[in-house]
Number of protein chains: 2
Amino acid sequence: MERELLLLGLLRRSDMHGYQLHEFIERNMSTCTDLKKSAAYYLLEQMEGRGWVRVSGELAEGKRPPRRIYTITEAGEAAYQQLLRENLAQAHTSVFPGNVGLAFLSDIALDEAIALLRQRRAALQAQADAVAHAPPHAGSLQYLIDHQRHHLHSELAWLEQVLNDLEQRLKGDLT
Amino acid sequence: MERELLLLGLLRRSDMHGYQLHEFIERNMSTCTDLKKSAAYYLLEQMEGRGWVRVSGELAEGKRPPRRIYTITEAGEAAYQQLLRENLAQAHTSVFPGNVGLAFLSDIALDEAIALLRQRRAALQAQADAVAHAPPHAGSLQYLIDHQRHHLHSELAWLEQVLNDLEQRLKGDLT
DNA sequence: TTTTCCATGTAACTCGTTACATGATTTC
DNA sequence: GAAATCATGTAACGAGTTACATGGAAAA
């Protein structure tokens, strides 16, 4: 329900059409979350079926497909209130599939493991830089971005620790 | 490919059947990852189709379904080596769908927001405790568990920060 | 004696991605 | 004139979950 929470939260601020919603998320939240265009359209239709949103207008400009402007309904507002509370109260167990490799780190020679993790560190650093340079946002959206920043720093610190550990061991092996 | 990496890594250590693999993951890695039984069976069949593993024996005990023991093949070993390297070198962009709510924190009254986040903190703390009390593991599996521990502590620290911030603001409002 | 564990497997379903199609409009 | 943008939508596919079926063995 996280995706519908996101859409409802944005629609609550102002009516938008699908393309616009996707664009906003892409522009302002890409470091924290993502929502493909097709998924956005799909979710909007589905939520319309549930009565959470309704099409409040169809603006045709030229001969391109008319913009379908969505508005949140009362039922949608109620759903939003509940989803938001659930979301805030829960601690979702975070699973990092990208880290399974760590469990098998010792299957690789020390020096190669170090080289690989340095690559990872560089990529992670790039992500951290991207978030750092993101322009500040009004309201609590900033919390989400700050969280991502915090998380990336934590990941970098941990990786640094592992690298130090491995480098120490490498030294030990050579002497 | 993370799940196949996981299975290959385990099969490389010793031949196992599906149930056993699932059980091992459940027992020893449940705080970091998960793999449903049906998914395990499905992946094993699929990997067998790719020639990454083969059934090296069928042990029938009594009249229950015979254990299908899987062994990693040479092709599987090659795949493993590559998957592992890819996995270690990449920094997977971590997306936390569970946190979208934070972007809408200001839609809720301060005192209720605080109460909700305290619930979240308690749940998070419980997770951290679970990882802390997990018995130590041989080999680099420990890295994975340590990472999870590190991550949970980072999350707790950040949440504490947000709560402090909100509590400060609540004080300000009351005076 | 009832429940849980062992061990496999299948079918239906949900969710989301990819890749496409349309066609005007703006930008390079 | 080619390419990217705007704006919607569909169809096919893939991965994973849920829920079920089987049936003996061990534990409560």
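Not measured: the values here are computed from a predicted model. Quick note on labels: first sequence line is chain A, next is B, and so on, each numbered from 1.
- The environment of Glu86(A) atom CD is dense: over 12 non-hydrogen atoms of other residues, nucleotides or ligands sit within 6.0 angstrom.
- Here Phe96(B) is tied into one hydrophobic group with Phe96(A), each link being a pair of ILVMFWY side chains closer than 4.5 Å.
- Here the closest non-hydrogen pair linking Asp34(A) and Arg3(A) is O-NH2, 3.6 Å.
- Contact record, Gln46(B) with Glu4(B): NE2-OE1, 4.0 Å, taken as the closest heavy-atom pair.
- Nucleotides of DNA chain D nearest to Arg68(A) and Gln46(B) differ in position, and the one nearer the 5' end is that of Arg68(A).
- Nucleotides of DNA chain C lying under 4.0 Å from heavy atoms of chain A occupy a range whose first and last members, 5' to 3', are dG16(C) to dT25(C).
- Under a 4.0 Å N-O distance rule, the pair Arg85(B)/Glu112(A) qualifies as a salt bridge.
- Counted by atom type alone, Tyr19(A) and Glu23(A) present zero donor-acceptor pairs between their side chains at under 3.5 Å.
- The separation between Glu4(B) atom CD and dG14(D) atom P is 14 Å, rounded to whole Å.
- Taking the charged nitrogens against the carboxylate oxygens, Arg118(B) and Glu167(B) do have a contact shorter than 4.0 Å, which makes a salt bridge.
- Under the 3.5 Å distance criterion, with hydrogens and angles disregarded, no donor-acceptor pair is assigned to the side chains of Arg121(A) and Gln125(A).
- Counting to the nearest Å, the P atom of dT8(D) and the NZ atom of Lys36(A) are 18 Å from each other.
- When hydrophobic residues (I, L, V, M, F, W, Y) are linked wherever their side-chain heavy atoms come within less than 4.5 Å, Leu59(A) remains an isolated member.
- Remark: His17(B), Gly18(B), Tyr19(B), Glu23(B) in residues 14-28 of chain B come within less than 4.0 Å of DNA chain C through at least one heavy atom.
- Between Leu7(B) atom CG and dA15(D) atom P there is a gap of 14 Å when expressed in whole angstrom units.
- Using modelled atom types, one finds no donor on one side chain facing an acceptor on the other under 3.5 Å when comparing Glu155(A) with His151(B).
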Classify every nucleotide of nucleotides 23-28 of chain D by which part a protein heavy atom approaches to under 4.0 Å, writing B for the base, S for the sugar-phosphate alone and - for neither, in 5'-to-3' order.
-BS---
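- The CD atom of Glu2(B) sits 14 Å away from the C1' atom of dG16(D) (whole-angstrom rounding).
- For Lys37(A) and dT5(D), the NZ to P distance is 9 Å, given to the nearest whole Å.
- When hydrophobic residues (I, L, V, M, F, W, Y) are linked wherever their side-chain heavy atoms come within less than 4.5 Å, Ile69(A) remains an isolated member.
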